[in-house]
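Only one structure is covered here, and it is reproduced in the block below.
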Amino acid sequence: MASNPACLFCRIIKREIPSKILFETEHSFLVQAALSFMEESFSEFPHLAFLDIGPLSDGHTVVIPKHHAQFLHELPDAEMADLLPTAKKVAVALGCKDYNILQNNGRIAHQAVDHVHFHVIPKPNDEEGLVMGWKVKETNGDKLEELRKRILKL
């Protein structure tokens with residue numbers, strides 16, 4: 001399993017940086033922010049997780065693979081096996097009605113830690129959780145068809 005000694009998340013996985021543990025699976029590691037009751041919620045699973053220090057809302061959780069990769073497309077498929085099922089378990093355990101699952105790749109896409117990770121961000125109201133604008137790009141049917149054909153060639 002790939003690891004990077006300079007990576008914050010790799011150091012947390014190796015327990016070199018202290019953290020509040022929730023759970024882990026064979027392939028992924030769960031980082032949870034500011035909700036101590038979750039420690040009991042996940043204690044029945046043979047997993048590990050830890051509390052984060054910068055939540056956007058109570059329960060903001062980060063799910064990371066143990067295999068180090070900076071970008072999602074660099075992560076081996078086998079290492080992704082339980083990332084989204086783990087994120088789903090978090091959302092269910094938090095009792096989220098509204099929430100975001102966020103995954104960023106690269107600096108201009110707002111990736112702050114160079115290790116693949118998914119955020120589960122509860123959205124309890126308009127002020128807390130992920131706040132974003134969605135700037136729609138103008139397009140048309142011909143442009144979409146051209147793009148579709150390019151993608152299908154992959």
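Computed from a predicted structure; not experimentally measured.
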Derivation of the ring-ring contact (aromatic ring centres under 6.0 Å, His included) call for H117 and H115: CA-CA 6 Å; H117 55 287; H115 187 116; 7.7 Å; no
Nearest non-hydrogen partners of L83 and P65, listed with the distance: CD2-N, 3.7 Å
Main-chain N/O of G59 paired to T61 side chain as donor or acceptor, under 3.5 Å: yes
Side chains of P5 and R11 in contact at under 4.5 Å (non-hydrogen atoms): no
Linked, directly or transitively: I121 and V131 (ILVMFWY side chains, under 4.5 Å): no
Note, I64 side chain near I13 side chain (heavy atom, < 4.5 Å): yes
Student check: side-chain heavy atoms of K88 and V63 closer than 4.5 Å: no
Pairwise side-chain contact, D114 with C7, heavy-atom cut-off 4.5 Å (strictly under): no
CG/L152: more than 12 non-hydrogen atoms of other groups inside 6.0 Å: yes
N140, CG: over 12 other non-hydrogen atoms inside 6.0 angstrom: yes
SB check K143 E146 (cutoff 4.0 Å): no
Heavy-atom pair with the smallest gap, counting every atom of P122 and D58: CG-O, 3.3 Å
Side-chain heavy-atom pair H119, I101 within 4.5 angstrom cut-off: no
Nearest heavy-atom neighbours spanning S3 and H68: CA-CB, 3.8 Å
Parallel, tilted or perpendicular: rings of F71 and H73 (30°, 60°): parallel
Main-chain N/O of N100 paired to K123 side chain as donor or acceptor, under 3.5 Å: no
Sidechain-backbone polar pair: D82 side chain, P85 backbone, donor-acceptor under 3.5 Å: no
Q103: partners by side-chain contact (heavy atoms from CB on, under 4.5 Å), with sequence neighbours left out: L72, N105, V116, F118
Heavy-atom pair with the smallest gap, counting every atom of G54 and H60: O-ND1, 4.1 Å
